[in-house]
Amino acid sequence: MGTVGERRVYDVAIIGAGPAGLTAGIYAARSGLDTVILERTAPGGLAATTFRIENYPGFPDGIEGPALASAMENQARKSGCSIMGYEVQSVVPPGSNGRAFALYTAEGRVESRTVIVATGTHEKQLGVPGERELRGRGVSYCATCDGPFFKGKRVAVVGGGDSAIAEALFLARVATRVTVIHRRDSLRAGRHLREAAMVNDRIAFLWNTVVTAVEGSETVERLHLRNVETGETSSLDVEGVFVYIGFVPNTAFLAGMVRLDDAGYVVVDESLETSVPGIFAAGDVRAKQVRQVVTAAADGAVAAMAAERFLAGGAARPAGKGATRAWPLRS
């Protein structure tokens with residue numbers, strides 16, 4: 001497999017173009033590093049599929065997710081960062097000769113002296129009968145993408161966090177009825193979102209309830225439900241269901257290479273370096289407590305600065321040789 005494009009070795013290769021990856025690209029490119037971002041889909045990550053982001057600094061009235069993602073992408077490109085539409089399938093560390101990391105894609109090999117993993121997460125599925133069969137025919141994981149198809153219809157949203165309630169509010173603008181199904185007796189979403197949903201007359205709530213099956217012949221027709229406290233079963237007639245019950249890290253391509261925690265998130269040190277010197281991780285893909293657009297962007301900046309300091313100290317070393325570098329992040 002040949003090298004993608006012209007034969008060159010980048011200083012920084014960033015895997016993923018969500019807020020973490022794009023911010024890393026901005027910081028790395030502005031530092032004069034030859035930087036490339038590899039993204040298998042459109043830039044923006046999950047932020048680009050979020051109807052409205054209410055808590056990103058600098059936007060007191062909120063900003064639409066696609067608009068924020070587009071602005072970040074434009075800034076990364078303007079900073080001199082290249083963005084390629086490739087999916088990274090595996091990463092091979094340098095050998096004993098000190099050559100660069102090799103990132104393998106279906107289109108070829110990309111070589112880089114450092115790597116920042118910013119692949120984010122994907123939506124967790126319900127894992128119930130009918131979900132897989134009716135995906136794309138009423139089962140969705142993106143209200144911003146698919147909501148307009150449900151104008152004037154009845155839909156359900158499964159979940160109680162920020163994503164679930166933000167998308168329920170979006171769906172309430174087009175659907176006649178939005179039923180939020182939550183396995184607990186109160187929402188986990190932030191106060192602003194909770195209050196907005198509670199006063200919306202198109203949104204109803206089913207508490208302490210889980211979905212046990214999705215039913216429909218050609219498209220979604222109803223959900224089968226169970227109350228987790230009483231065990232009582234019921235059904236709900238809907239024409240669409242939007243699932244927001246958590247996320248799974250996109251780290252399958254890293255299995256066996258860098259240290260992951262029990263949930264599959266990348267374990268890093270304070271400089272966001274992984275167990276392999278020269279590979280950093282930023283954003284939702286890494287093990288941490290808070291996953292928000294603002295924390296992803298902050299991670300991207302820290303990882304890019306750490307990669308710059310790593311490069312200033314010499315070429316990337318083979319995995320397993322020596323201790324992980326701990327670079328100071330203040331000048």
Side-chain angles (χ1 to χ4, degrees), residues 12-28 35-50 65 69 72-73 76 81 83-93 101 103-105 110 112 114-125 141-142 161-163 244-307 310 319 324:
V12 182
I14 301 165
I15 310 175
L22 291 171
T23 304
I26 292 168
Y27 272 73
T35 306
V36 63
I37 297 177
L38 307 175
E39 170 57 60
R40 64 187 179 89
T41 59
L46 291 177
T49 66
T50 301
M72 287 182 171
E73 178 190 355
C81 179
I83 300 179
M84 297 181 179
Y86 301 150
E87 177 179 4
V88 175
Q89 300 168 338
S90 64
V91 178
V92 177
F101 290 93
L103 288 68
Y104 288 93
T105 76
V110 175
S112 180
T114 61
V115 176
I116 297 176
V117 178
T119 46
T121 60
H122 62 273
E123 299 84 356
K124 185 181 294 184
Q125 298 183 6
Y141 306 87
C142 178
D162 285 349
S163 296
Y244 294 95
I245 58 171
F247 299 91
V248 178
N250 296 317
T251 54
F253 72 102
L254 292 173
M257 182 177 182
V258 302
R259 182 186 171 198
L260 306 176
D261 68 9
D262 292 341
Y265 290 94
V266 182
V267 177
V268 297
D269 63 13
E270 290 185 0
S271 65
L272 303 192
E273 190 173 37
T274 70
S275 58
V276 176
I279 298 184
F280 304 83
D284 290 2
V285 74
R286 78 174 183 92
K288 60 179 183 175
Q289 294 296 316
V290 179
R291 292 184 172 86
Q292 295 284 302
V293 175
V294 67
T295 62
D299 277 2
V302 172
M305 294 168 67
F310 182 95
T324 300

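Here, residue 1 is the first one in the sequence, and each next residue gets the next number.
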message: Once salt bridge (charged side-chain N to carboxylate O under 4.0 Å, His left out) is applied, what residue pairs with a partner in residues 278-293 remain, sequence neighbours excluded?
response: R286-D299, K288-D299
- request: Can you tell me which residue pairs pass the salt bridge (charged side-chain N to carboxylate O under 4.0 Å, His left out) test with a partner in residues 37-48, sequence neighbours excluded?
  value: none
field: With A13 via side-chain contact (heavy atoms from CB on, under 4.5 Å) - residues at least two apart
entry: V36, L103, S112
- request: Just jot down the side chain to side chain donor-acceptor pair (under 3.5 Å) partners of D162, sequence neighbours excluded, or say none.
  value: none
May I have the list of side-chain donor-acceptor pairs in residues 115-123 shorter than 3.5 Å, sequence neighbours left out?
unit_1, atom_1, unit_2, atom_2, d
T119, OG1, N250, O, 2.8
H122, ND1, V248, O, 3.3
H122, ND1, N250, OD1, 2.6

- prompt: Do M257 and P93 have side chains that get closer than 4.5 Å, going by heavy atoms?
  reply: yes
query: Which heavy atom of A281 sits nearest a heavy atom of V268, and at what distance?
result: CB-CG1, 3.7 Å
- prompt: Do you know which two heavy atoms are closest between I37 and A17, and how far apart they sit?
  reply: CG2-CB, 3.7 Å
- request: State, yes or no, whether a side-chain contact exists between S163 and F247 at a heavy-atom distance under 4.5 Å.
  value: yes
- request: Identify the two heavy atoms, one from Q125 and one from I245, that lie closest to each other, and give their separation to 0.1 Å.
  value: O-CD1, 3.5 Å
- prompt: A48: what forms a side-chain contact (heavy atoms from CB on, under 4.5 Å) with it, not counting sequence neighbours?
  reply: A69
task: Compare every heavy atom of Q89 with every heavy atom of T105, then report the nearest pair and how far apart it is.
output: C-OE1, 3.9 Å
query: For the residue pair T23 and A301, what are the closest heavy atoms and their distance?
result: CG2-N, 3.8 Å
message: Please find the pair of heavy atoms, one from S271 and one from F280, that lie closest to each other, and give the distance.
response: O-CD2, 3.7 Å
- prompt: Which residue pairs pass the salt bridge (charged side-chain N to carboxylate O under 4.0 Å, His left out) test when at least one of the two sits in residues 251-267, sequence neighbours left out?
  reply: none
message: With a 6.0 Å cut-off (strictly less than), is the heavy-atom count around OH of Y27, excluding the residue itself, greater than 12?
response: no
task: Could I get the full list of side chain to side chain donor-acceptor pair (under 3.5 Å) partners for Y141, not counting sequence neighbours?
output: E131
query: Can you name the residues that form a side chain to side chain donor-acceptor pair (under 3.5 Å) with Q292, not counting sequence neighbours?
result: N55
message: Please enumerate all residues that pass side-chain contact (heavy atoms from CB on, under 4.5 Å) together with L260, with sequence neighbours excluded.
response: T251, V258, V266
